[in-house]
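Sequence positions, counted from 1, serve as the residue numbers for this chain.
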Amino acid sequence: MKLSEILKNINIIQTNFNIDENKEINKIAFHTKDVVEGAIFVAIKGYVTDGHKFIKKASELGAELAVVEDFVDVKIKQIKVPNSRIALADMAANFYKNPSREMNVIGITATNGKTTTAFMVDSILKEDKRETGMIGTVLTRYKDVKIPSILTTPESLTLQSYLRDMADNNITDVTMEVSSSAQELFRDKNIDFDIVTFNNLGREHIDQHGSFEKYFHYKSRLIRHAKKDALAILNADDEMIYSLKEKTQAKVLSFSLENDKADFGISDLDLSTGKGKFIFNINKDIKLKDFTIKKSNFKVELGSVGYSSVMNSVVAIIVALCLNIEKEIITDALKIFKGVERRFELIFDEDFKILDDHFANEKNIDATMETLKMMVYKDLNILYAIRGHRGVEVNREITERLVKWIKILKPRTLAATLSKDIVGEKDRVTEEELMVFKNILKENNIDCKIYDTLEDAVNNSIDLLNSEDVLLLAGCQGMDKGAKFVKEKLLRENKVKDIHGFSHRIDSRIC
């Protein structure tokens, strides 16, 4: 592509050379491992390191020129811009010819449940025989391509390359998780979203953004910057989210799980088995550009478990209705869909139940425990992997919320693990984090057996189970391999009847 086309609409402050607009460029890179002869290297200032430090190496690897925020003393052609992340996003859109304009793109943001909502939407789209793509926390997936994710929303250049390949492979609909970090760092800039959703809001990632207000500011960009002919689906039960209806050009649709004042809602919720059953209500006629969603209601039976699944399914249903998908297709897809790994996932359901949940923050804990409160079982047993290297305050908040629910649900056994056998240094529990966990439990007279390793913790927790009990495996990185140890233990002791189904669910995991 000609350099002039790549630099179209880029805010250039200064250059140290005369730009040859007809110069052909075959590659843009922001990491030296991707540099090839004749490439443009974009130097990004990151949280951990500064790309300007690697311009010399990029030059040695054959980079033709560098896009910088500050000129550096390296013999290479340089283009100075105010913000290299914005420049990268704009150059990427130019280089890959704005592929998101060629497909329906659904952007989903939330503190909790982005992943499950995205998977649910994708399942409905697939049931409707559409060619789908998905980009999110777990993976990027389309056709036969599966790429495990490093970031929930990839860097802008990577994201545009995925979307170009999707468009070239005739993908019609893309479901995409959009994180607050992505919005702050302009990774999602120039994505042509047709439907955007803001499902819920909690207090996670505050340290990363500096304050809750900044977190909300960045997270809400998806709605505030939505185009005029887009649809914005907002949670009317959250005052801050619903306030965005006045701050977007998009047509706003609302949902509520608490009343019938919004456009969409639910009634007759039953979570006795863990799998949600409810009536989905369209509370009024909703006129869209090409058709009208008529006032009506229909029964939904989920194949996935948890109150969170109910909340996420409501958003997925609304997205599908906005794409004019038949109700029968929506309900069939949601009944078949079994959930996303580690999101209140039912990994064993025979003599007793074992649930696996990533238990990341207070809102997530509340949704998990609210479901357990509505389920029918004999005794509850909890194994919690303490969060490592997340700080004392995060662990204090999680432990206090856990204690609140222990007093309500009264589990028969409670154990915790440091998961030293499976976590790396960045997820290792510090002495201070362990101490705050112990102290809060002690203050509330709650007994808890603490294991050094996850394997021992899982094995001993299973040994304590009785028929019709529930074991909740709760925790983030420290519980990622919990299901693996469950499988080994139950198969070793011949406690599994449906060996194929049980093994397949765990073996097909990404984490």
Side-chain angles (χ1 to χ4, degrees), residues 6 9-11 27-31 33-34 40-51 67-69 81-103 105-111 114-115 117-118 133-142 145 147-167 171 174-199 204-205 207-210 214-227 230:
I6 294 174
N9 298 323
I10 306 299
N11 185 2
K27 180 82 171 179
I28 303 171
F30 60 91
H31 194 291
K33 68 179 176 62
D34 298 319
I40 297 177
F41 178 72
V42 183
I44 292 174
K45 292 184 177 180
Y47 291 126
V48 178
T49 190
D50 184 348
V67 174
V68 303
E69 291 182 20
V81 297
N83 185 312
S84 54
R85 283 189 181 277
I86 293 176
L88 179 66
D90 291 341
M91 291 164 63
N94 292 337
F95 187 76
Y96 288 107
K97 300 182 180 178
N98 290 292
S100 61
R101 296 176 184 173
E102 301 170 32
M103 303 171 280
V105 182
I106 301 138
I108 297 167
T109 202
T111 299
K114 292 187 295 295
T115 301
T117 306
M134 188 165 59
I135 299 169
T137 303
V138 177
L139 81 172
T140 291
R141 181 178 72 191
Y142 57 99
V145 177
I147 306 167
S149 295
I150 298 171
L151 299 168
T152 294
T153 312
E155 192 55 75
S156 58
L157 183 68
T158 308
L159 178 56
Q160 292 286 358
S161 72
Y162 290 162
L163 291 170
R164 171 43 58 201
D165 201 36
M166 289 181 187
I171 297 302
V174 179
T175 308
M176 180 176 148
E177 296 179 54
V178 187
S179 67
S180 56
S181 298
Q183 296 181 70
E184 180 181 9
L185 301 176
F186 303 101
R187 293 185 201 135
D188 66 328
K189 189 175 188 291
N190 302 311
I191 304 303
D192 188 53
F193 292 106
D194 298 284
I195 300 175
V196 291
T197 83
F198 198 155
N199 305 6
E204 194 165 309
H205 309 303
D207 290 345
Q208 181 182 319
H209 296 287
K214 284 186 178 179
Y215 171 55
F216 177 69
H217 171 77
Y218 292 121
K219 203 154 194 62
S220 64
R221 270 187 183 169
L222 182 66
I223 308 301
R224 291 186 288 107
H225 292 187
K227 64 184 181 181

[X] versus [Y], closest heavy-atom pair with distance:
X    : Y    : result
M166 : R141 : CE-O, 4.4 Å
D34  : K27  : O-CE, 3.1 Å
G51  : A43  : C-CB, 3.7 Å
P82  : N11  : CD-O, 3.2 Å
I171 : M103 : O-CG, 3.2 Å

Side chain to side chain donor-acceptor pair (under 3.5 Å) partners for [X], two or more places apart:
X    : answer
S161 : none
Y142 : D165
T158 : none
Q183 : none

Mark yes or no for whether R224, through its side chain, and H217, through its backbone, hold a donor-acceptor pair below 3.5 Å. yes
Are the side chain of S180 and the backbone of Y218 linked by a donor-acceptor contact shorter than 3.5 Å? no
Measuring from [X]:[atom1] to [Y]:[atom2], what's the distance to the nearest 0.5 Å?
X    : Y    : atom1 : atom2 : result
R187 : T153 : CZ    : OG1   : 6.5 Å
S84  : F30  : OG    : CZ    : 11.5 Å
F186 : L88  : CZ    : CG    : 12.0 Å
S100 : L163 : OG    : CG    : 6.0 Å
T109 : M176 : OG1   : CE    : 10.0 Å
D188 : L185 : CG    : CG    : 10.0 Å

The criterion is side chain to side chain contact (heavy atoms under 4.5 Å, CB included); which residues satisfy it with [X], sequence neighbours excluded?
X    : value
I147 : T140, V145, Y162
D194 : N104, V105, D192, K227
D90  : I10, I86, K189, N190
E102 : R164, A167

Exactly one candidate in L139, I108, T152, T137 meets side-chain contact (heavy atoms from CB on, under 4.5 Å) with T115; the answer is T137
Salt bridge present between E155 and R85 (N-O < 4.0 angstrom): yes
Kindly determine whether Q160 and F95 satisfy side chain to side chain contact (heavy atoms under 4.5 Å, CB included), including the steps that lead there. CA-CA 9 Å; Q160 292 286 358; F95 187 76; over 6 Å; no
